[in-house]
Enquirer: 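Please see the structure below; I have some questions.
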Amino acid sequence: MLKGKTALVTGSTSGIGLGMAEALAREGANIVLNGFGDVEGPKAKVQALGVKVAYHGADMSKPGEIEDMMKYAAAQFGRVDILVNNAGIQHVAPVEDFPPEKWDAIIAINLSSAFHASRLALPAMKAANWGRIINIASVHGLVASAEKSAYVTAKHGLVGLTKVIALENATTGVTCNAICPGWVLTPLVQKQVDARAAANGTSNEEAKRQLLAEKEPSLQFTTPEELGQLAVFFCSPAANNVRGVAWNMDGGWAAQ
Ligand code: NAD
């Protein structure tokens, strides 16, 4: 379905971003990966799906590096047809103890980076009259949890940005939507599981059970593969008129 298209997925060396990249590659899209840590492993996984894969190591907190990445993607593949704004970090602390530098980093990586990548991707999408911007927000773009001030603020902002981009392009073939996952067992969440296990003196399995039981009625983690399939749907012709939604895949978290 996406043969000949190019998808750039930020923060795709791990977790949900890698799941997105694999799902879009399975549909034939060439992929630009981004993110820190091991690059060769994720690159080989996506290449094995038979598409072309490029990588740019832009730090998504730095607008100048985002510009370099977008230029690099255009030079490699002509243009970016599908932009998945996924890179994100977390820090957990009450507001009065929240380190200001962590606040700044979360707002930059989880929110401002999506503005910068989108503003740079939109002209070519509009010229082609086809484009998909998919923002990986969170159930925390819809509801809040204690001790996640910067994350909740960034994700609510990302849902707002999604709606504005959708409206500004509503008469074109460019759509913008957000995906709002509940708990997904990636390294980002494993850190929170580890912290809970250490604080309560419980096993990892018990900490996972408690984490789910607090928020997620299904008592199940959503998987990167399931989220990838929602992104594929947003890229399909059936989703041509899906604009500005914040679609939660959260085991019932936000329904409560
Ligand atoms: P993860 O830690 O597995 O992956 C994060 C990715 O972002 C990695 O590839 C990392 O290298 C990259 N990254 C981090 N800082 C970066 C920076 N400055 N520049 C470029 N890349 C950077 O986390 P994940 O759980 O897969 O999270 C991906 C997205 O999904 C995040 O936006 C997160 O907020 C969101 N999300 C996650 C969950 C969950 O339960 N895991 C739930 C809702 C939303």
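Both ligands and their constituent atoms are indexed starting at 1 by order of listing. Just so it is clear, the structure is predicted and the values come from calculations on it, not from any experiment. Only heavy atoms go into these numbers, but all of them, side chains included; no hydrogens, no water, no symmetry mates.
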Enquirer: Against heavy atoms of Asn34, which atoms of ligand 1 measure under 4.0 Å?
Expert: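 Under 4.0 Å from Asn34, ligand 1 has these atoms: 20 (C), 21 (N).
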Enquirer: I need the contact type for Cys180 against ligand 1. Using non-hydrogen atoms and a strict under-4.0 Å cut-off, is it side chain, backbone, both or neither?
Expert: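 The answer is neither.
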Enquirer: I'd like to check which ligand 1 atoms, numbered from 1 as shown, lie under 4.0 Å from a non-hydrogen atom of Asn86.
Expert: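 Per the distance check, 28 (C), 29 (C), 30 (O), 31 (C), 32 (O).
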Enquirer: Would you say Gly11 has any N or O atom under 3.5 Å from an N or O of ligand 1, going by distance alone?
Expert: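 By distance alone, the answer is yes.
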Enquirer: Can you check whether Ser14 has an N/O within less than 3.5 Å of an N/O in ligand 1?
Expert: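 Checking ligand 1 against Ser14, an N or O pair does fall under 3.5 Å apart.
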Enquirer: Going by the angle between their ring planes, with limits at 30° and 60°, are Trp183 and Trp253 parallel, tilted or perpendicular?
Expert: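 Trp183 vs Trp253 ring planes: tilted.
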Enquirer: Any N or O of Thr186 that comes nearer than 3.5 Å to an N or O of ligand 1?
Expert: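 There is such a contact, yes.
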Enquirer: May I ask you to check whether Val139 has an N/O atom sitting below 3.5 Å from an N/O atom of ligand 1?
Expert: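 Not met; the criterion fails.
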Enquirer: Measuring from atom 5 (C) of ligand 1, which candidate in Gly15, Gly88, Pro224 has the nearest non-hydrogen atom?
Expert: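 The nearest heavy atom belongs to Gly88.
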Enquirer: Any nitrogen or oxygen of Phe36, main chain or side chain, under 3.5 Å from a nitrogen or oxygen of ligand 1?
Expert: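 There is such a contact, yes.
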Enquirer: Looking only at heavy atoms, is any part of Lys155 under 4.0 Å from ligand 1, and if so is it the side chain, the backbone, or both, or is it neither?
Expert: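 The answer is the side chain of Lys155.
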Enquirer: Would one find an N or O of Ile109, backbone or side chain, under 3.5 Å from an N or O of ligand 1?
Expert: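 Among all N and O atoms of Ile109, none is under 3.5 Å from an N or O of ligand 1.
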Enquirer: So, does Tyr151 sit close enough to ligand 1 that a heavy atom of it is under 4.0 Å from the ligand?
Expert: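 Under 4.0 Å: yes for Tyr151.
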Enquirer: So do the side chains of Val32 and Thr6 get within less than 4.5 Å of each other, counting heavy atoms only?
Expert: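 Side chain of Val32 against side chain of Thr6, heavy atoms only: contact under 4.5 Å found.
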Enquirer: What protein heavy atom sits nearest atom 37 (C) of ligand 1, and how far off is it?
Expert: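 Answer for atom 37 (C) of ligand 1: Ile16 CD1, 3.4 Å.
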Enquirer: Identify whether the distance between the nearest side-chain nitrogen and carboxylate oxygen of Asp194 and Lys191 falls below 4.0 Å.
Expert: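 Not counted as a salt bridge, because no side-chain N and carboxylate O are separated by less than 4.0 Å.
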Enquirer: Quick one, Ser112 and Ile107 - any side-chain contact, counting heavy atoms below 4.5 Å?
Expert: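 Touching, per the 4.5 Å side-chain cut-off.
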Enquirer: Closer than 4.0 angstrom: is that true for some heavy atom of Gly37 and an atom of ligand 1?
Expert: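 Gly37: no contact with ligand 1 (<4.0 Å).
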Enquirer: Is there a nitrogen or oxygen of Val189 sitting under 3.5 Å from a nitrogen or oxygen of ligand 1?
Expert: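 In fact, backbone or side chain, Val189 has no N or O that close.
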Enquirer: Determine the interplanar angle of the Phe98 and Trp103 rings, folded into 0 to 90°, and report it as parallel if under 30°, tilted if 30 to 60°, perpendicular if over 60°.
Expert: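 The arrangement is perpendicular - the two ring planes meet at more than 60°.
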Enquirer: Under 3.5 Å, N or O to N or O, is Ile89 touching ligand 1 that way?
Expert: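 No - when backbone and side-chain N and O of Ile89 are compared with those of ligand 1, no distance drops under 3.5 Å.
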Enquirer: At what distance is the nearest protein heavy atom to atom 19 (N) of ligand 1, and which residue and atom is it?
Expert: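 Checked against all protein heavy atoms, atom 19 (N) of ligand 1 sits closest to Met60 N, 2.8 Å.
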Enquirer: Compute the ring centroids of Tyr151 and His91, then answer whether they are less than 6.0 Å apart.
Expert: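 They do not qualify: ring centres at least 6.0 Å apart.
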Enquirer: Could you tell me whether Arg119 and Glu67 make a salt bridge, using a distance below 4.0 angstrom between a side-chain N and a carboxylate O?
Expert: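 A salt bridge links Arg119 with Glu67.
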Enquirer: For Glu214, is there an ion pair with Arg196 - N to carboxylate O distance below 4.0 angstrom?
Expert: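 Salt bridge present between Arg196 and Glu214.
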Enquirer: Below 4.0 angstrom from a heavy atom of Gly35, which ligand 1 atoms are there? Numbered from 1 as shown, please.
Expert: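 Within the 4.0 Å cut-off of Gly35, ligand 1 contributes 11 (O), 21 (N).
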Enquirer: Closer than 3.5 angstrom, by distance alone: can the side chain of Asn177 be matched with the main-chain N or O of Gly244 as a donor-acceptor pair?
Expert: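 Pair found, side chain donor or acceptor close to backbone of Gly244.
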Enquirer: With a 4.5 Å cut-off on side-chain heavy atoms, are Lys5 and Trp130 touching?
Expert: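 Of all side-chain heavy-atom pairs linking Lys5 with Trp130, at least one is under 4.5 Å.
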Enquirer: Can you get from Ile31 to Met20 by hopping between Ile, Leu, Val, Met, Phe, Trp and Tyr side chains that sit under 4.5 Å apart?
Expert: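 They do share one cluster, since a chain of ILVMFWY contacts under 4.5 Å joins Ile31 to Met20.
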Enquirer: Heavy-atom distances under 4.0 Å decide this one: backbone, side chain, both or neither, for Ala58 against ligand 1?
Expert: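 It is the backbone that gets close, since no side chain atom is under 4.0 Å.
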Enquirer: By the definition side-chain contact (heavy atoms from CB on, under 4.5 Å), identify the one residue from Val232, Leu49, Val51 that meets it with Arg26.
Expert: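 Testing Arg26 for a side-chain contact (heavy atoms from CB on, under 4.5 Å) against Val232, Leu49, Val51 leaves exactly one candidate, Leu49.
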Enquirer: Heavy atoms only, cut-off 4.0 Å: how does Asp59 contact ligand 1, side chain, backbone, both, or neither?
Expert: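 Under 4.0 Å from ligand 1, Asp59 contributes backbone and side-chain atoms.
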Enquirer: I need the contact type for Leu18 against ligand 1. Using non-hydrogen atoms and a strict under-4.0 Å cut-off, is it side chain, backbone, both or neither?
Expert: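 Contact part for Leu18 vs ligand 1: neither.
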Enquirer: Which option, Ser138, Gly141, Gly182, owns the non-hydrogen atom nearest atom 42 (C) of ligand 1?
Expert: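 Minimum heavy-atom distance to atom 42 (C) of ligand 1 goes to Gly182.
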Enquirer: Determine, using heavy atoms of Gly57 and all atoms of ligand 1, whether some pair is separated by less than 4.0 Å.
Expert: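 No; Gly57 lies far enough from ligand 1 that no heavy-atom distance drops under 4.0 Å.
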